[in-house]
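See structure below.
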Amino acid sequence: MAEHLLSTAVHDTLPGSYVRPEPERPRLAEVVTGARIPVVDLGSPDRGAVVAAVGDACRSHGFFQVVNHGIHAALVAAVMAAGRGFFRLPPEEKAKLYSDDPARKIRLSTSFNVRKETVHNWRDYLRLHCHPLDEFLPDWPSNPPDFKETMGTYCKEVRELGFRLYAAISESLGLEASYMKEALGEQEQHMAVNFYPPCPEPELTYGLPAHTDPNALTILLMDPDVAGLQVLHAGQWVAVNPQPGALIINIGDQLQALSNGQYRSVWHRAVVNSDRERMSVASFLCPCNHVVLGPARKLVTEDTPAVYRNYTYDKYYAKFWSRNLDQEHCLELFRT
């Protein structure tokens, strides 16, 4: 299976299966650079200011960066090193984990959904389910030797960070601090370690095309040296270059639904470049599969009726994976 992976070879030309039709290409020269990205200092002693900043960012952008988030810089560096170490393993070692089955909890794959898509994306990724950690950790890669310990520690700390953010998001909507965490049930958690090799023609393809995340909250650890994340804001694609030590937070589809559309699940994409590899680690907090989701009752009034009908996350997730990544917002299928 190693031949399916981009990370097992050097590529001098872009295969035709990765070339986007002309209207769907990234148009990198039109991307806005240097835009202000909202920053929330989670270390601030002013709780009201933190909550207000989170709410403003969720409402205006659908994403923000957090600093003083409590995850130590040494752990963050170790996570990036462990991810790079994995993708530099010999092809035959990586191939043991390869699968194109989206239902597999632990798998190495490429693109997005190679069984369904007609044009591929320029990325390989390692998908790891993380909760309950003791259940999944034994099946994680044993190489590099520190991979399980490093990634396992990071998963636990990211989960706690996510719950802290849920509290601020809930409060910013005028809800109880515990609302989001409780409404989403015993949450699943998974992680994607993304690897984007140098691409011979980055203007013709994507690492990932424009999409929103189907989960509740995404916490992204970006490569500090190589940019690639772009977010749609005010009708323009904006390059995201985080502050040193920051993590990028974006609202997923489920928080848009729970907020009754007040907060936005942001469209974002990953682009590639011709001379440097790039890596990112995306951590996803997901609702319990069978929990019933929909707008918080307190946010539904005569003046602000429910935007979305109630549904279960497993139904939502099945719809998400049955589509192409860059089709219409999946939440549109669940409008009232």
Side-chain angles (χ1 to χ4, degrees), residues 37-40 42 47-66 159 161-189 210-220 231-235 247-268 282-317 319-320 328-336:
I37 307 301
V39 180
V40 178
L42 295 182
R47 176 68 179 176
V50 171
V51 168
V54 166
D56 288 346
C58 291
R59 191 172 289 107
S60 64
H61 286 71
F63 74 103
F64 52 96
Q65 51 186 322
V66 292
R159 188 175 181 85
L161 172 59
F163 291 161
R164 288 168 56 202
L165 291 167
Y166 279 158
I169 291 167
S170 297
E171 290 177 58
S172 71
L173 287 163
L175 304 170
E176 294 293 326
S178 60
Y179 181 84
M180 291 296 176
K181 183 179 178 183
E182 292 176 355
L184 294 163
E186 179 57 32
Q187 287 168 76
E188 294 194 6
Q189 179 184 358
H211 65 284
T212 64
D213 288 343
N215 52 294
L217 192 72
T218 301
I219 300 173
L220 180 69
V231 175
L232 190 63
H233 178 63
L247 294 169
I248 302 297
I249 312 300
N250 76 263
I251 299 301
D253 293 355
Q254 307 317 314
L255 290 190
Q256 178 169 325
L258 288 170
S259 74
N260 201 27
Q262 289 190 43
Y263 291 172
R264 301 169 46 218
S265 178
V266 66
W267 286 92
H268 54 288
S283 297
F284 306 98
L285 289 182
C286 311
C288 170
N289 276 338
H290 303 300
V291 71
V292 176
L293 300 165
R297 286 186 181 180
K298 190 174 180 179
L299 303 180
V300 177
T301 67
E302 190 172 316
D303 294 330
T304 57
V307 178
Y308 306 104
R309 58 183 170 84
N310 289 347
Y311 55 87
T312 59
Y313 186 59
D314 55 355
K315 285 188 176 180
Y316 191 92
Y317 206 57
K319 286 281 189 186
F320 181 84
E328 68 172 352
H329 200 307
C330 193
L331 264 180
E332 292 298 310
L333 304 176
F334 294 86
R335 278 189 172 269
T336 51

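All of these numbers come straight from a predicted model, not from anything done at the bench.
- In terms of heavy atoms, Pro214 sits closest to Asp253 at CA-OD2, 3.6 Å.
- Side-chain contact between Lys319 and Phe334 is present, with heavy atoms from C-beta onward closer than 4.5 Å.
- With Ser170 contributing its side chain and Leu175 its backbone, the two residues share no donor-acceptor pair below 3.5 Å.
- The one candidate from Tyr313, Tyr316, Tyr311 that meets the side chain to side chain donor-acceptor pair (under 3.5 Å) condition with Gln254 is Tyr311.
- The main-chain N or O of Ile251 is found under 3.5 Å from a side-chain atom of Ser265 such that the two form a donor-acceptor pair.
- Between His61 and Phe63, the ring planes are perpendicular. Angles over 60° get that label, and only those under 30° would be called parallel.
- A distance of 12.5 Å separates CG of Asp314 from SG of Cys286, quoted to the nearest 0.5 Å.
- Annotation: the span from Leu255 atom CG to Asn215 atom CG amounts to 8.5 Å, rounded to 0.5 Å.
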>> For a side chain to side chain contact (heavy atoms under 4.5 Å, CB included) check, start with the C-alpha distance between Leu293 and Leu184, then their side-chain angles and the critical distance, and finish with the verdict.
In response: CA-CA 7 Å; Leu293 300 165; Leu184 294 163; 3.9 Å; yes

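- Put simply, SG on Cys288 and CD on Gln187 are 9.0 Å apart, with the number rounded to the nearest 0.5 Å.
- The pair Glu176-Arg297 does not count as a salt bridge, with every side-chain nitrogen at least 4.0 angstrom from each carboxylate oxygen.
- Here the closest heavy-atom approach between residue Val51 and residue Ala168 is recorded as CG1-O, 3.8 Å.
- In this structure, the side chain of His268 does not engage the main chain of Ala210 through any donor-acceptor pair within 3.5 Å.
- Put simply, the side chain of Lys298 gets close to the backbone of Gly174: a donor and an acceptor are under 3.5 Å apart.
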>> As a quick check of understanding, evaluate side chain to side chain contact (heavy atoms under 4.5 Å, CB included) for Gln65 and Ile249, giving each step before the final call.
In response: CA-CA 6 Å; Gln65 51 186 322; Ile249 312 300; over 6 Å; no

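- Thr301 and Asp303 form no side-chain donor-acceptor contact under 3.5 Å, judged by distance and modelled atom types alone.
- Atom CG of Leu285 sits about 10.5 Å away from atom NZ of Lys181, to the nearest 0.5 Å.
- Residues Ala282 and Thr218 come closest through the heavy atom pair CB-CG2, 4.4 Å.
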> Run the side chain to side chain donor-acceptor pair (under 3.5 Å) check on Tyr308 and Gln256 step by step: do they pass?
Replying inline: CA-CA 10 Å; Tyr308 306 104; Gln256 178 169 325; 2.8 Å; yes

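- Contact of the Thr212 side chain with the Asn250 side chain is not registered, since no non-hydrogen atoms from C-beta on lie closer than 4.5 Å.
- How far CD1 of Ile219 is from CD1 of Ile248: 11.5 Å, rounded to the nearest 0.5 Å.
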>> Apply side chain to side chain donor-acceptor pair (under 3.5 Å) to residues Tyr166 and Glu182 and explain how you reach the verdict.
In response: CA-CA 10 Å; Tyr166 279 158; Glu182 292 176 355; over 6 Å; no

>> Let's go through Phe64 and Ile37 carefully: what are the C-alpha distance in whole Å and the side-chain angles of both, what is the deciding distance for side chain to side chain contact (heavy atoms under 4.5 Å, CB included) to 0.1 Å, and is it a yes or a no?
In response: CA-CA 6 Å; Phe64 52 96; Ile37 307 301; 5.9 Å; no

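- With values rounded to the nearest 0.5 angstrom, His329 atom NE2 is found 9.0 Å from Arg335 atom CZ.
- Taking each heavy atom of Arg309 and Thr336 in turn, the nearest pair found is N-CG2, 3.5 Å.
- Summarising the geometry of Gly294 relative to Leu258, their closest heavy-atom pair is O-CD2, 3.1 Å, with the distance given to 0.1 Å.
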> Under the side chain to side chain contact (heavy atoms under 4.5 Å, CB included) criterion, do Leu220 and Leu247 qualify, and how do the steps go?
Replying inline: CA-CA 6 Å; Leu220 180 69; Leu247 294 169; over 6 Å; no

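- The minimum heavy-atom distance linking Leu173 with Ser259 is given by the pair CD1-CB, 3.9 Å.
- Using a 4.5 Å heavy-atom threshold, the side chains of Ile169 and Tyr263 count as touching.
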